[in-house]
Amino acid sequence: MAVGHAPPPPAPLAPDMSLIPDVESLTPARRSGRRPVVPRWLRRTVGPLLLLLAWQVSSATGLLAPDVLASPGTIARSAAELVADGTLPTAMGVSLRRVAAGLLLGGAVGVTLALLSGLSRLGEDLIDATVQMLRTVPWVGLIPLLIIWLGIGEAPKVALIALGTAFHLYLNVYAGIRGVDSQLVEAGQSLGLGRWGLVRHVVLPGALPGAMTGLRYALATAWLALVFGESINADAGIGFLMNQAREFFRTDVIVVCLVVYAFLGLLADAVVRTLERLLLQWRPTFTGQ
């Protein structure tokens with residue numbers, strides 16, 4: 001009996017092209033022109049420029065009296081005069097020295113207390129309750145005592161700035177230490193790290209974001225404390241210029257000093273942001289969409 005050949009497989013059916021949607025119909029129509037990309041720095045300047053323009057228009061039309069608030073043009077001329085005769089640079093130098101001294105002193109005290117309290121339960125029992133009690137006392141209300149204790153020289157001004165900054169650094173560094181993930185500590189122990197190895201390689205790097213936040217708050221408070229501190233029989237500094245201008249109703253000079261305060265605050269914040277980028281490169285963050 002002869003073996004027959006197997007029938008050939010059926011040919012594949014050709015797809016019905018009428019059932020396949022047109023790719024071009026599903027593709028959204030492209031715009032003929034691209035929207036121009038405006039630089040971010042330019043967008044951020046729109047709001048301040050509009051405010052400045054409204055201010056100038058209000059002053060020029062008489063809606064804003066000069067004895068209430070000087071016009072931007074008058075303030076610019078006053079700032080140029082203060083810079084030309086050296087008054088403003090000298091005052092800025094004096095104020096910066098006071099802020100730097102107070103910040104270093106307050107930072108050293110606050111960070112040291114935070115380390116002692118955060119790394120040790122005994123330190124927490126001895127330190128934390130006292131610090132939490134003292135931080136509720138308005139540090140501005142201590143000005144009379146500081147004058148009695150330290151006189152009317154530079155010491156009470158620096159001490160007031162140190163008091164205003166120490167508590168911010170203490171709270172944020174302490175919270176950063178106690179907020180370190182316990183699993184990271186266990187992982188470090190499994191790798192053979194001792195107590196000081198854990199502190200150096202795990203706890204302190206984990207507390208660094210909190211320390212940067214505390215430093216930012218401390219800088220903002222330092223400028224606020226400087227305003228109050230330079231009202232204590234000061235004979236130099238930005239606060240002294242403001243007090244002197246207040247006596248003569250020089251709103252232009254007062255606004256110049258306020259702008260200088262704002263500029264120095266922005267400069268200090270930019271320094272902290274730079275430190276964050278350098279020291280916290282390991283931490284991915286959300287930058288917005």
If we only count heavy atoms from C-beta on, is the [X] to [Y] side-chain gap below 4.5 Å?
| X | Y | result |
| --- | --- | --- |
| L105 | I161 | no |
| W55 | I75 | yes |
| V68 | T251 | no |
| V253 | Q244 | no |
| R135 | L171 | yes |

If hydrophobic clusters are built from ILVMFWY residues whose side chains come within less than 4.5 Å, do [X] and [Y] share one?
| X | Y | result |
| --- | --- | --- |
| L104 | V272 | no |
| L126 | L119 | no |
| F248 | L258 | no |
| V255 | F263 | yes |
| L49 | L51 | no |

[X] side chain to [Y] backbone, donor-acceptor under 3.5 Å:
| X | Y | answer |
| --- | --- | --- |
| S95 | I238 | yes |
| T213 | P209 | yes |
| T112 | V109 | no |

In sequence, state the C-alpha distance, the side-chain angles, and the governing distance for F167 and L134, and then conclude on side-chain contact (heavy atoms from CB on, under 4.5 Å). CA-CA 9 Å; F167 295 117; L134 291 176; 4.0 Å; yes
Quick one: list whatever passes side chain to side chain donor-acceptor pair (under 3.5 Å) with R246, sequence neighbours left out.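 For R246, no residue satisfies side chain to side chain donor-acceptor pair (under 3.5 Å) once neighbours in sequence are set aside.
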What pairs with D235 under side chain to side chain donor-acceptor pair (under 3.5 Å), at least two apart in sequence or on another chain?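 Partners of D235 by the side chain to side chain donor-acceptor pair (under 3.5 Å) criterion come out as none, since no residue qualifies.
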Pairs where residues 205-218 contributes a residue and the test salt bridge (charged side-chain N to carboxylate O under 4.0 Å, His left out) is met, not counting sequence neighbours: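 Sorted result for residues 205-218: R216-D269, R216-E276.
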Qualifying salt bridge (charged side-chain N to carboxylate O under 4.0 Å, His left out) pairs with a residue from residues 249-267, counting only residues at least two apart or across chains: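 For residues 249-267, and leaving out neighbouring residues, the salt bridge (charged side-chain N to carboxylate O under 4.0 Å, His left out) pairs sorted by first residue read R250-D252.
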Considering all heavy atoms of both residues, which atom of [X] and which atom of [Y] are nearest to each other, and what is their separation?
| X | Y | value |
| --- | --- | --- |
| Y170 | Q132 | CE2-NE2, 4.2 Å |
| L241 | A91 | CD1-CB, 3.7 Å |
| I177 | A207 | N-CB, 3.6 Å |
| E230 | Y261 | OE1-OH, 3.4 Å |
| G214 | L169 | C-CD2, 3.6 Å |
| G102 | T165 | O-OG1, 3.8 Å |

Using the salt bridge (Lys or Arg N to Asp or Glu O under 4.0 Å) criterion, which residues pair with D128? Sequence neighbours excluded.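 D128: no salt bridge (Lys or Arg N to Asp or Glu O under 4.0 Å) contacts found.
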Taking side chain to side chain contact (heavy atoms under 4.5 Å, CB included) as the definition, give me every residue that meets it alongside [X], ordered by chain and number, with sequence neighbours left out.
| X | result |
| --- | --- |
| V57 | L53, T61 |
| L278 | T274, Q281 |
| R77 | T74 |
| R178 | E124, Y174 |

Other ILVMFWY residues reachable from V46 by side-chain steps of under 4.5 Å: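 So far as hydrophobic clustering goes, V46 is joined with L50.
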As an exercise, state the distance from [atom1] of [X] to [atom2] of [Y], rounded to the nearest 0.5 Å.
| X | Y | atom1 | atom2 | value |
| --- | --- | --- | --- | --- |
| F249 | I254 | CZ | CD1 | 9.5 Å |
| L82 | C257 | CG | SG | 7.0 Å |
| T45 | L52 | OG1 | CG | 11.5 Å |
| L103 | L215 | CG | CG | 6.5 Å |
| L115 | S120 | CG | OG | 11.5 Å |
| L69 | S59 | CG | OG | 6.5 Å |

Cut-off 3.5 Å, no hydrogens considered: what does the side-chain donor-acceptor table look like for residues 152-159, sequence neighbours left out?
| residue | atom | partner | partner atom | Å |
| --- | --- | --- | --- | --- |
| E154 | OE1 | R98 | NE | 2.8 |
| E154 | OE2 | R98 | NE | 3.4 |
| E154 | OE2 | R98 | NH2 | 2.8 |
| K157 | NZ | G153 | O | 2.8 |
| K157 | NZ | I232 | O | 3.0 |

Indicate every side-chain donor-acceptor pair of residues 218-227 with a distance under 3.5 Å to a residue at least two apart or in another chain.
| residue | atom | partner | partner atom | Å |
| --- | --- | --- | --- | --- |
| T221 | OG1 | H168 | NE2 | 2.8 |
| T221 | OG1 | Y217 | O | 3.0 |

